[in-house]
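Have a look at the structure below, then the notes.
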Amino acid sequence: MSYQHLDSAGNAIILPVNKVVCIGRNYLDHIQEMNSVVSEEPLLFMKPKAAMCSMHQPILIPSNRGECHNELEVAVLLKSPLKNANEDEVKSAIWGLGLGLDLTLREIQASLKQQGQPWERAKSFDNSAPLSGFVPLSQFSDLDDVKFSLSINGETRQLGHTALMLHKIVPLIAQMSNEFSLEAGDVILTGTPKGVGPLHDGDRVEVELAQHFVVKTKVGVE
Ligand code: ZN
């Protein structure tokens, strides 16, 4: 199924589909639940184009590769390129915000971490970044005051608030653009709060971007 960025009403957004740039360890409560340490510089990794899929379709998780965990994150869609950008340039390059899942094969990740290897096998597989529709930037009064949540089978598992990010959205994207060029159609996943855990075939998943939308979907096995 080919993926295209959508707005929250389900209309196509005329932007290319490029890469996903992610930050790990951006909320203290998640760092603590993973027994990880705070890193001074943001911990960055990427997911390729084939990772992107619509969250409005069933979320397909790989079978026989160990636990696949939910990580619900604020997703930022860029409408223009950024390189060595300042914060004003970042603000004018943002199309809007939505939600994304940074699906993670947790057992594979643990073994990669142990071996000091990069995380792509755990995080960059096909369909590892289900994305919601995006809400235009003008609909947000403060990017550091955005609340979001995820429930599984009616039980709240994750509650997030961008005020609690260690690296806030706009300075984070500016910093990413010092490391590598960002392009129109790139999506930034801004880190997960605590509450990660395994997904199972048939789970009912509900995600909410407070005051903007709710997406109801379910989990299937590939
Ligand atoms: Zn994540």
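Given the structure is predicted, the values throughout are model-derived calculations rather than measurements. Atoms within a ligand are numbered from 1 in the order they appear, just like the ligands themselves.
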Nearby protein N/O/S atoms (those under 2.8 Å) for the Zn ion (ligand 1), with water ignored: Glu71 OE1, Glu73 OE2, Asp102 OD2
For Leu43, the rest of its hydrophobic cluster, which grows through side-chain links under 4.5 angstrom: Phe45, Trp119
Pairing of Arg65 and Glu222 as salt bridge, 4.0 angstrom limit: no
Separation between CG of Asp203 and CG of Asn153, rounded to the nearest 0.5 Å: 4.5 Å
Lys194: salt bridge (Lys or Arg N to Asp or Glu O under 4.0 Å) partners, not counting sequence neighbours: none
Taking only distance into account, with no hydrogens and no angle test, what donor-acceptor pairs under 3.5 Å do side-chain atoms of residues 109-116 form with protein atoms, sequence neighbours excluded?
residue: Gln109; atom: OE1; partner: Arg106; partner atom: NH1; Å: 2.8
residue: Ser111; atom: OG; partner: Gln115; partner atom: NE2; Å: 3.3
residue: Gln115; atom: OE1; partner: Gln117; partner atom: NE2; Å: 3.4
residue: Gln115; atom: NE2; partner: Ser111; partner atom: O; Å: 3.1

Residues, nucleotides or ligands: over 12 heavy atoms within 6.0 Å of Lys79 NZ: yes
